[in-house]
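Chain letters run A, B, ... following the sequence lines, proteins first, then strands; residues in each count from 1.
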Amino acid sequence: QLFRDGEIDDAFFETLEEALITGDVGVGAALQLVEQLRREAGRLRTRRREAARELLVVKITALLENPPAETLPAAKPLVILLVGVNGSGKTTTAAKLAYRYRRDGRRVMLVAGDTFRAAAIDQLQVWADRAGVELIRQQPGSDPSAVFFDALNAARARSADVIIGDTAGRLHTKTNLMEELKKINRVIGRALPGAPHQVLLVIDATTGHNGINQASRFNEAVPITGLILTKLDGTARGGIVVGVQDILKIPVCYVGIGEKIDDLEPFDAAAFARALLG
Amino acid sequence: HLAEKLQKTLRYLRGKGKLSEKDVDLAMREIRLALLEADVNFKVVKDFVAAVRERAVGKEVLHSLTPGQQVVKIVHQELTALMGREQSRLLASTAPPAAVMLVGLQGSGKTTTAVKLAVHLQRGGRRALLAAADIYRPGAIRQLEVLSESVKMPFYSGANARPVEICRQALKLASREGYDYVILDTAGRLHLDEAMMDELKEIKAAVKPAEALLVVDAMTGQDAVNAAAAFHRAVGLTGVILTKLDGDTRGGAALSVRSVTGCPIKFAGVGEKVDALEPFHPERMASRILG
Ligand SMILES: Nc1nc2c(ncn2[C@@H]2O[C@H](COP(=O)(O)OP(=O)(O)OP(=O)(O)O)[C@@H](O)[C@H]2O)c(=O)[nH]1
Ligand SMILES: Nc1nc2c(ncn2[C@@H]2O[C@H](COP(=O)(O)OP(=O)(O)OP(=O)(O)O)[C@@H](O)[C@H]2O)c(=O)[nH]1
Ligand SMILES: [Mg+2]
Ligand SMILES: [Mg+2]
């Protein structure tokens with residue numbers, strides 16, 4: 001009922017701002033989007049709310065639309081690294097991705113790059129078994145860079161098509177942990193030039209403005225090639241990915257919509273934009 | 001920084017005696033933006049700003065302060081008052097052991113916090129049993145077991161039992177062994193999941209916990225009120241623990257959760273190690289939110 005058809009007035013724009021802010025788009029992005037919409041709606045002389053709303057959906061969709069798929073030959077093996085703050089859903093998502101690639105007929109391997117957190121390797125092992133893929137792992141407490149170095153060599157020897165690496169959760173404010181991530185990235189590149197081909201930042205859909213800091217700081221440490229928005233099956237609308245586009249053009253690749261192994265979907269910008277506005 | 005922003009907005013007011021409605025309107029716009037940027041819930045901000053506005057209009061500006069500083073002082077006081085008093089004690093039971101139930105959304109920090117609480121209790125001379133009631137998440141039981149072992153805390157997990165039964169058995173064991181507390185680590189769940197929310201109600205009815213604590217990630221945005229309200233309705237919370245405060249999130253979720261549940265925020269998780277638990281400081285949180 002936010003967009004029941006009618007005249008466009010200040011109250012209408014305020015309800016739009018509220019929808020965006022409560023969707024966690026971020027105050028800056030929300031105000032900017034509505035300001036742009038005011039001008040555009042004015043230029044187009046649209047007087048109907050429905051038309052203005054549609055304009056906003058189109059705007060947000062355009063912001064989030066993924067660039068066309070690369071026409072470069074796919075790297076072999078394709079190396080994907082999952083990174084992000086604590087509890088965002090990296091381990092579960094690593095398994096979901098592995099399962100997805102395996103269902104597509106690829107030869108997939110998972111790497112237990114979280115050698116720090118209690119039972120992190122056990123957790124990923126259960127998932128790897130469910131996904132039907134092999135997990136490359138070492139003792140808890142091992143140096144994650146060493147784990148990745150050995151894993152890449154092992155995976156190549158076994159002709160894996162896709163290698164998916166899970167890493168430990170880390171707050172972007174912890175310099176030593178961000179240094180560790182840089183080292184993992186360097187070491188992977190040394191083991192296989194060009195790798196990691198994808199570094200995906202896993203963000204919880206309930207995240208507020210901090211998601212912008214996360215994207216910015218993680219990207220400073222290792223170039224982030226894509227975002228994965230998890231827990232979109234909850235009530236949070238995950239608008240923070242819009243806020244992130246304000247400072248970094250990082251496409252959203254997938255969304256996590258549950259705790260089961262097939263609860264991963266490719267990102268649909270238009271559907272997301274529509275749901276965001278409620 | 002809010003005080004500076006307000007000072008820029010109100011700089012023409014230098015030397016005025018009282019804050020007029022117009023002065024306050026200008027200031028409230030900045031306050032509102034600051035709180036929204038800090039992730040305080042939209043509706044909570046609206047109510048808060050209205051309350052502060054009321055207190056600020058006609059207020060005498062102290063000689064030692066600029067009008068901007070005067071407004072910030074009122075906001076800070078109001079925010080601190082809303083955060084509640086410092087209350088970082090776990091309620092005990094008249095008939096020990098007292099059960100402490102940890103609940104919350106997926107990944108908020110419950111399992112880690114369970115062990116932190118046990119360590120905290122031990123420092124206060126109380127013995128706690130850690131019970132693994134999350135039978136769903138792969139490796140969850142093992143995670144609690146490893147953490148418990150790392151601090152030599154007693155640990156209980158049921159063999160092939162449902163969570164309600166695990167909690168009942170844990171309580172029985174704790175009673176036999178003379179523990180003061182049983183800390184129940186439950187599975188992360190969505191408040192939308194009726195079956196899982198029913199499970200929490202069942203556990204609560206079975207163990208009659210002295211504490212039902214909502215564990216909330218401090219980076220949570222606008223959605224904090226939805227989850228908090230739902231968990232409170234389902235379980236009847238007695239307190240909140242805010243985790244991952246060692247990051248750079250402003251933590252406005254604290255104000256949102258507090259206003260919608262009325263529960264005290266008892267502790268702050270400030271790191272991944274099992275000793276990274278602090279009493280929640282309302283005044284410090286108020287400053288952090290204001291930026
Ligand atoms: N509802 C829902 N829960 C999810 C989703 N993705 C992950 N989870 C849950 O979120 C919790 C945390 O997931 P993990 O995969 O352990 O997160 P993580 O980022 O690896 O955590 P750390 O390694 O500790 O930093 C688990 O309970 C998962 O089941 C999702 O898309 N929807
Ligand atoms: N930096 C930091 N990390 C924390 C804190 N509390 C928990 N964590 C981390 O957050 C992640 C999730 O913690 P868990 O204890 O597994 O969360 P949970 O609520 O039990 O997760 P589910 O059982 O899947 O719902 C882990 O990587 C923890 O180490 C904290 O206060 N600070
Ligand atoms: Mg993990
Ligand atoms: Mg847990």
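- One N or O on the side chain of A:Asp24 and one on the backbone of B:Gln222 form a donor-acceptor pair closer than 3.5 Å.
- The contact between B:Leu192 and chain A is made entirely by side chain atoms (from C-beta outward), counting heavy-atom distances below 4.5 Å.
- With hydrogens and angles disregarded, a donor-acceptor distance shorter than 3.5 Å links the side chain of B:Asp39 to the backbone of A:His209.
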- Message: Between B:Arg137 and A:Gln123, is the side chain to side chain contact (heavy atoms under 4.5 Å, CB included) condition met? List the steps.
- Response: CA-CA 8 Å; B:Arg137 170 174 150 157; A:Gln123 181 187 9; 3.5 Å; yes
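- Salt bridge B:Asp246/A:Lys174: present, at least one basic N to carboxylate O contact under 4.0 Å.
- Proximity to chain A is absent for every atom of B:Ile141, based on heavy atoms less than 4.5 angstrom apart.
- Annotation: maximal heavy-atom pairing with chain B below 4.5 Å, among A:Ser88, A:Pro140, A:Ala119, occurs at A:Ala119.
- Contacts with chain A were tallied for B:Glu272, B:Glu145, B:Lys43; B:Glu272 has the most, counting heavy-atom pairs under 4.5 Å.
- No part of A:Ile121 comes within reach of chain B, as not one of its non-hydrogen atoms sits under 4.5 angstrom from that chain.
- Ranked by heavy-atom pairs under 4.5 Å with chain B, the first of A:Leu124, A:Thr173, A:Asp204 is A:Thr173.
- For A:Asn213, the part sitting under 4.5 Å from any heavy atom of chain B is the side chain, from C-beta outward, and nothing else.
- Side-chain contact check for A:Thr206 and B:Asp223: no donor-acceptor pair (N or O, by modelled atom type) lies under 3.5 Å.
- Contacts between B:Asn226 and chain A at a heavy-atom distance below 4.5 Å involve the side chain alone, from C-beta outward.
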